[in-house]
Amino acid sequence: MPEKTEKKQYIIDATGKPLGRLACEIAEILRGKQRPDFAPNKVGDAVLLKNADKVKITGNKLETKIYHHYTGYIGGLKSVPMGKMLAKKGIEEIIKKTVWGMLPINKLRAQMIKELKIEKSK
């Protein structure tokens with residue numbers, strides 16, 4: 001039987017990194033792809049993201065990137081541009097939504113996103 005390796009906590013500095021590349025790196029760690037004992041049915045390591053407000057949003061995503069959610073009612077599709085989402089909920093929510101979209105769509109997804117802690121710079 002293979003021996004268990006302990007969970008690590010990775011500290012990532014977001015200063016100057018593009019949002020998508022940062023989210024990809026975080027999703028890979030949360031999933032546990034870098035571990036020698038990787039299994040798709042296990043949650044990976046924890047991530048602490050520092051300086052989240054210094055992440056780089058490239059292009060004109062603030063105007064063109066749209067987040068959608070459905071309320072459950074007829075005609076209840078709500079759409080919010082990234083700029084409004086940033087002003088209303090902050091960069092933490094945008095990073096969390098980006099990482100959420102890169103995780104596999106299964107029952108472990110919610111457990112994996114709980115391992116992500118986001119801090120702004122002080």
Side-chain angles (χ1 to χ4, degrees):
M1 190 154 170
E3 58 189 67
K4 288 179 122 181
T5 56
E6 291 185 23
K7 280 193 172 198
K8 295 180 185 175
Q9 181 172 13
Y10 288 82
I11 299 173
I12 298 176
D13 186 20
T15 306
K17 290 187 179 178
L19 178 62
R21 292 175 188 261
L22 179 69
C24 189
E25 183 181 342
I26 292 169
E28 190 174 289
I29 293 169
L30 291 176
R31 183 132 190 249
K33 296 282 280 192
Q34 80 289 353
R35 296 172 64 94
D37 63 340
F38 168 72
N41 62 334
K42 292 182 186 172
V43 177
D45 295 321
V47 175
L48 174 64
L49 184 66
K50 295 206 177 235
N51 300 323
D53 52 342
K54 295 181 181 174
V55 71
K56 187 165 55 171
I57 298 175
T58 57
N60 56 347
K61 288 188 189 82
L62 291 174
E63 297 86 33
T64 57
K65 172 78 176 139
I66 308 286
Y67 292 101
H68 303 285
H69 76 276
Y70 182 63
T71 63
Y73 290 97
I74 297 171
L77 182 66
K78 302 291 182 185
S79 302
V80 181
M82 184 186 255
K84 276 191 180 177
M85 175 86 76
L86 184 64
K88 189 175 181 181
K89 297 203 175 182
I91 192 71
E92 296 94 349
E93 187 68 22
I94 289 175
I95 293 172
K96 210 167 254 198
K97 281 184 174 291
T98 308
V99 173
W100 177 263
M102 293 186 179
L103 292 173
I105 303 169
N106 57 26
K107 291 182 179 183
L108 289 178
R109 190 183 207 189
Q111 292 175 26
M112 287 180 200
I113 203 74
K114 285 180 186 174
E115 298 291 325
L116 173 62
K117 306 292 181 226
I118 301 173
E119 289 181 359
K120 286 185 174 180
S121 61
K122 295 177 182 173

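These numbers come from a predicted model, not from an experiment. When reading the values below, keep in mind they use all heavy atoms of this one structure, side chains included, and skip hydrogens, waters and symmetry mates.
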**Request:** Step through the shown structure and confirm whether more than 12 heavy atoms of other residues, nucleotides or ligands are within 6.0 Å of NZ on Lys7.
**Result:** yes

**Asked** Run the side chain to side chain contact (heavy atoms under 4.5 Å, CB included) check on Asn41 and Asn106 step by step: do they pass?
**Response** CA-CA 10 Å; Asn41 62 334; Asn106 57 26; over 6 Å; no

Enumerate donor-acceptor pairs with a distance under 3.5 Å from any side-chain N or O in residues 14-33 to protein atoms, sequence neighbours excluded.
| unit_1 | atom_1 | unit_2 | atom_2 | d |
| --- | --- | --- | --- | --- |
| Thr15 | OG1 | Asp13 | OD1 | 3.0 |
| Thr15 | OG1 | Asp13 | OD2 | 3.4 |
| Thr15 | OG1 | Asn51 | ND2 | 3.3 |

Test of understanding: clusters of I, L, V, M, F, W, Y form through side-chain heavy atoms closer than 4.5 Å, transitively. Do [X] and [Y] belong to the same one?
X      : Y      : answer
Met102 : Val55  : no
Leu108 : Leu103 : yes
Ile94  : Leu62  : yes

To the nearest 0.5 Å, what is the distance between [atom1] on [X] and [atom2] on [Y]?
X      : Y      : atom1 : atom2 : result
Leu116 : Glu92  : CG    : CD    : 10.5 Å
Ile95  : Asp53  : CD1   : CG    : 8.5 Å
Lys117 : Glu115 : NZ    : CD    : 7.0 Å

Output side-chain donor-acceptor pairs under 3.5 Å for residues 42-50, partner residues at least two apart or in another chain, one line each.
| unit_1 | atom_1 | unit_2 | atom_2 | d |
| --- | --- | --- | --- | --- |
| Asp45 | OD1 | Lys8 | N | 3.1 |
| Asp45 | OD1 | Arg35 | NH1 | 2.4 |
| Asp45 | OD2 | Gln34 | NE2 | 2.7 |
| Asp45 | OD2 | Arg35 | NH1 | 3.4 |

**Request:** Under the side-chain hydrogen bond (donor to acceptor under 3.5 Å, both in side chains) rule, collect the residues that match up with Thr64, sequence neighbours excluded.
**Result:**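 Here no residue qualifies.
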
Could you tabulate the donor-acceptor pairs under 3.5 Å formed by side-chain atoms of residues 66-88, not counting sequence neighbours?
| unit_1 | atom_1 | unit_2 | atom_2 | d |
| --- | --- | --- | --- | --- |
| His68 | ND1 | Ser79 | OG | 2.8 |
| Tyr70 | OH | Tyr73 | O | 2.8 |
| Thr71 | OG1 | Tyr73 | N | 3.3 |
| Thr71 | OG1 | Gly76 | O | 3.3 |

**Request:** Could you pull out all residues at least two apart from Lys65 that satisfy salt bridge (Lys or Arg N to Asp or Glu O under 4.0 Å)?
**Result:** none

